[in-house]
Amino acid sequence: MMKSLALSLFLLVFVLAGCSEESQPIETAEVDTAVEEVTESGAVVPMARVERLRVATTTSLYDTGLWGYLEPMFEEQYDVELDVLYAGTGKAIDWGKRGDVDVITVHSRSREEAFVTEGYGVERVPFAFNYFLIVGPEEDPAGIAGMSPEDALTALMNNGEAVFVSRGDDSGTHGKEKSIWTAAGFDYDEDVRTAGAWYVEGGSGMGPTLVMANEMQGYTLSDIGTYLAYQGDLDLVPVVDQGDALLNVYSVLQVETSKNPELAFALVDFLTSAEVQQLIGDYGVDAYGMQLFTPCAGEAL
Amino acid sequence: MILQLKNIQQKKNGNKILKGVSIDVPEGSFFVLMGPTGCGKTSLLRIAGLLDSPSSGDIIFKGKKLTSRKKELLHTRRQIASMFQSPVMFRGSVSSNVGWGLKIRGIKKPEIASRTEKVLEFVGLSGFAERDASTLSGGERRRTALARALVLEPELLILDEPGTSLDPAFKRDLLKRIKEIHLQTGTTFVMATHDFTDALAVGTMGAVMRNGLIEQSGMMDDILFKPESRFMASFTGVRNIFPADFAGTEACVRQLTITHSGIKQGHGFLAIPPEVIVLSLAPNLTSERNRFNGTVKSIERNGTNWDVTVEVSDIPIIVAITTGALEELEIAPGTDIHLSFKASAVHVF
Amino acid sequence: MSHLFEAFSIALRMIVSGDPGVFSIALRTLLIASVSTLLATLLFVPLGCLINFSSFKGKRLAVGFVQTMYSVPTVFVGMLVFLMISRSGPLGGLELLFSPWAIILGEVVLIAPIITGLTISALQSTGKGLEDTAVALGGGRRTVILKVLSEAKYTMLTSVLMGFGRAVSEVGVAIMVGGNIAGYTRTLTTAIALGVGKGETAPSIALGLILLSLALIVSIIVNLLQHGGRK
């Protein structure tokens with residue numbers, strides 16, 4: 001009796017899965033409907049063998065919803081299933097090196113260049129930029145508002161009490177933070193990581209790190225896009241937003257070992273096309289009242 | 001002989017459980033394997049039931065020495081049925097439990113049904129056929145297990161402590177049924193028990209084991225009244241065991257000279273079963289060779305009988321008498337009394 | 001507090017209205033966990049039986065090892081499977097990474113010890129006495145094994161359900177080798193992990209409630225089986 005029950009349960013699941021496959025994916029483009037970000041539309045498991053292309057993206061492009069916005073367009077245009085995997089820049093590059101993804105969109109110039117010169121990537125193609133921010137509690141306990149990023153971090157080091165939450169995950173943002181510490185004259189491993197309890201290595205993505213900084217009422221370095229996407233749930237405000245060191249350039253790189261070079265290149269082409277560049281520039285303006293990304297295809301950044 | 005075990009040795013985890021045991025079980029007998037817990041009874045029964053193979057030694061079933069060939073073992077095992085100390089019930093009804101052994105032998109359903117019904121009646125479980133076996137009481141479980149083995153009409157039925165942990169009344173009832181089955185079917189039984197009284201209730205012959213060896217074997221009466229060692233005497237509950245110096249048919253227990261029917265020289269032991277001694281107030285004029293007088297030291301109840309301890313020249317001798325005899329004698333501690341017993345009732349070893 | 005309450009009511013509305021986004025994830029999770037459990041059952045219930053019914057040197061050590069692996073960290077399995085099926089790994093040619101099959105593979109590995117070990121436990125739970133009884137009543141090797149299997153079947157089904165329970169609720173494997181791709185490899189647990197990270201409470205709660213009810217259903221069935229098994 002029980003056996004047949006279990007069997008029919010299995011069958012039911014399969015039938016249901018088959019049914020939902022037929023329903024067409026619903027296009028979703030809004031950033032402000034948070035629901036669509038976590039959940040999804042479309043098939044439970046596509047049964048038919050479809051062409052798939054994998055892009056590994058830095059979390060900031062995912063958490064802001066930009067990829068969720070662009071994905072269906074690319075899929076429709078090229079009749080392909082685009083799998084968007086989010087990870088820190090370090091992990092995305094590692095996936096690329098292993099040949100597990102076809103394209104990466106990341107934001108760490110030095111590592112991207114190494115990726116290309118080591119023969120893993122075809123070419124580094126910048127397609128958008130924005131700025132990093134140091135965000136923190138409105139009271140600004142360390143008094144760093146308006147400083148240059150290098151001075152701000154030096155002040156935090158001297159303060160020794162105000163909390164700073166680092167991504168600590170080898171991501172592009174983390175790399176940026178390290179480079180600012182270096183520019184301010186500190187050795188990251190020897191001076192900063194051992195500085196004391198105020199320096200927190202979060203070890204997670206941008207969103208969770210912002211949430212963590214908010215809970216601890218500390219400072220953190222964030223890209224503006226993710227900060228804006230999370231702003232509604234946060235008490236943190238931008239404290240430092242001026243300085244060349246804060247420039248944040250996103251590039252797309254086709255992976256050399258991609259099994260589908262035409263489509264991989266098509267994705268690079270898609271991101272840098274005039275039409276999509278326009279969309280990137282407009283993305284989020286309605287929701288946040290300001291530009292999240294500045295398109296920059298063709299510029300040397 | 002239906003079953004002969006020859007010089008069986010069994011090792012378990014490096015320990016010698018059986019150290020060379022031989023028994024002969026005649027067809028139609030009720031053979032009882034006795035001995036204290038842990039003496040190796042169960043290990044020997046498992047070998048007899050062909051559930052375990054011995055480390056060394058031979059098993060001879062109906063005159064044929066068994067080899068370790070699986071087919072032959074299975075064939076022989078199907079003529080033997082074993083019932084364990086705490087029977088395990090299969091999931092399902094009583095009748096499905098009882099019928100299982102027949103089912104795997106490929107017997108047709110109607111025959112299984114009729115044989116099951118008959119055997120359940122036999123063990124006193126008629127009306128229990130559809131009961132869920134997991135709801136049975138301890139006694140009902142034993143009887144179901146008995147029926148489960150009995151329905152196979154084995155030539156040899158092996159029972160391991162069938163009465164353990166049952167109420168005395170249930171135990172007596174179960175043993176009575178087992179004895180009836182033995183008498184009615186003529187099936188050969190081998191039963192293990194640590195309780196000598198149980199053994200006496202059902203057995204025709206048997207063996208007493210101790211530390212993986214046979215201490216004594218033979219007819220039940222001989223085991224009861226002719227213990228061959230102190231261990232045997234105390235196991236069977238024979239009291240009045242005394243060290244003695246023997247010279248022919250006479251034995252000296254301190255100052256007392258006791259006549260026995262055997263011939264023995266040197267030092268040894270002598271047992272006088274308390275049941276064989278006759279008490280009387282006046283000197284007893286019988287042909288009995290052993291006649292003494294002494295003083296009653298104590299009178300104690302022993303079950304439904306009484307143990308009277310009589311001191312004969314500093315030697316305490318226990319005499320078992322019935323309540324009726326006690327009332328007739330009107331004795332109390334301090335009473336002078338005469339006692340007598342036959343020379344043939346004295347057992348020497 | 002009111003924020004949590006509001007999120008809860010949205011979550012309930014999503015479930016009641018049958019929100020397609022929520023339900024496609026739930027259904028996919030169920031499907032992936034079911035296929036994993038089915039495959040693991042087909043492979044490892046027989047293995048458990050084999051181990052139980054055979055005697056070999058180091059059997060107890062083997063069983064002990066299997067039981068230790070019950071609580072193998074999911075991220076460890078995730079990492080192992082990732083390294084195996086990554087394009088530059090030994091099984092890279094199968095192109096399984098970041099697909100539902102990758103999760104299935106990982107979950108099969110993850111629940112293999114549970115299903116093997118609990119199958120052994122289930123068979124042992126019938127006791128040596130049962131096996132002996134079947135032998136004593138004239139059962140040959142095959143008959144005895146079938147009898148033990150039939151006596152243990154409910155407990156064995158429980159072990160399969162326990163495996164399903166672990167597969168459906170694990171997150172490490174699904175996120176590491178599945179990649180949490182929307183519409184493809186997103187499961188209840190990875191969606192919740194993402195949602196909580198993004199502060200999207202309502203859909204996470206909805207997914208969490210579904211996950212919880214799945215776990216509850218499994219546990220109820222297990223209880224029923226164990227109750228039925230005792231009868």
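Naming convention: chains lettered A, B, ... in sequence-line order (proteins, then strands); numbering from 1 in each chain.
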*Asks:* Would you sort out whether L97(C) and W95(A) count as a side-chain contact (heavy atoms from CB on, under 4.5 Å), showing the intermediate values?
*Replies:* CA-CA 11 Å; L97(C) 191 64; W95(A) 282 344; 5.5 Å; no
*Asks:* Go through N180(C) and Y62(A) one step at a time and tell me if the side-chain contact (heavy atoms from CB on, under 4.5 Å) criterion holds.
*Replies:* CA-CA 12 Å; N180(C) 195 13; Y62(A) 195 78; 5.6 Å; no
*Asks:* Between atom CD1 of I175(C) and atom CG of L85(A), what is the distance when rounded to the nearest 0.5 Å?
*Replies:*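 That separation rounds to 10.5 Å.
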*Asks:* If you round to the nearest 0.5 Å, how far is CZ of R98(A) from CG of L83(C)?
*Replies:*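 Spacing of CG (L83(C)) from CZ (R98(A)) equals 5.5 Å.
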*Asks:* What part of K91(A) gets closer than 4.5 Å to chain C, counting heavy atoms only: side chain, backbone, both or neither?
*Replies:*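 Neither; nothing under 4.5 Å.
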*Asks:* Got a sec: does the CH2 of W101(C) have more than 12 other heavy atoms crowding it under 6.0 Å?
*Replies:*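 It does not: W101(C) CH2 has 12 such atoms or fewer within range.
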*Asks:* Can you tell me how far OG of S99(C) sits from CZ of R54(A), rounded to the nearest 0.5 angstrom?
*Replies:*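 Answer for the CZ-OG pair, R54(A) versus S99(C), is 7.0 Å.
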*Asks:* Check each atom of T209(A) against the heavy atoms of chain C and say whether the ones under 4.5 Å are side chain, backbone, both or neither.
*Replies:*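 Interface part for T209(A): neither.
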*Asks:* Distance check, rounded to the nearest 0.5 Å: R87(C) atom CZ versus K259(A) atom NZ?
*Replies:*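 With rounding to 0.5 Å, CZ (R87(C)) is 5.5 Å from NZ (K259(A)).
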*Asks:* Mind listing the closest non-hydrogen atom pair of F98(C) and D83(A) along with its distance?
*Replies:*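 Scanning both residues completely, I find the closest heavy atoms to be O-OD2, 4.4 Å.
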*Asks:* Step through the shown structure and confirm whether more than 12 heavy atoms of other residues, nucleotides or ligands are within 6.0 Å of OH on Y70(C).
*Replies:*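 Yes, the 6.0 Å shell around OH holds more than 12 heavy atoms from other groups.
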*Asks:* Tell me which of these, G207(A), A56(A), A87(A), G99(A), has more heavy-atom pairs under 4.5 Å with chain C than the rest.
*Replies:*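 Sorted descending by pairs with chain C, the first entry is G99(A).
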*Asks:* So what's closer than 4.5 Å to chain A heavy atoms on L188(C): side chain, backbone, both or neither?
*Replies:*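 Nothing of L188(C), per the 4.5 Å heavy-atom cut-off to chain A.
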*Asks:* More than 12 non-hydrogen atoms from neighbouring residues, nucleotides or ligands closer than 6.0 Å to CD on E138(A), yes or no?
*Replies:*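 Atom CD in E138(A) is not crowded, with 12 or fewer foreign heavy atoms closer than 6.0 Å.
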*Asks:* For F8(C), look at atom CZ and say whether over 12 heavy atoms of other residues, nucleotides or ligands are found less than 6.0 Å away.
*Replies:*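 No, CZ of F8(C) has 12 or fewer neighbouring heavy atoms, counting only those of other groups under 6.0 Å.
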*Asks:* I'd like to know which of A206(C), S86(C), G179(C) tops the heavy-atom pair count under 4.5 Å against chain A.
*Replies:*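 Highest number of pairs under 4.5 Å: S86(C).
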*Asks:* Atom CD1 of I181(C) and atom CD of E81(A): how far apart are they, to the nearest 0.5 Å?
*Replies:*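 Spacing of CD1 (I181(C)) from CD (E81(A)) equals 10.0 Å.
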*Asks:* Please look at V84(A) and chain C and tell me whether the side chain, the backbone, both or neither of the residue comes under 4.5 angstrom of a heavy atom of that chain.
*Replies:*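 Only the backbone of V84(A) comes within 4.5 Å of chain C.
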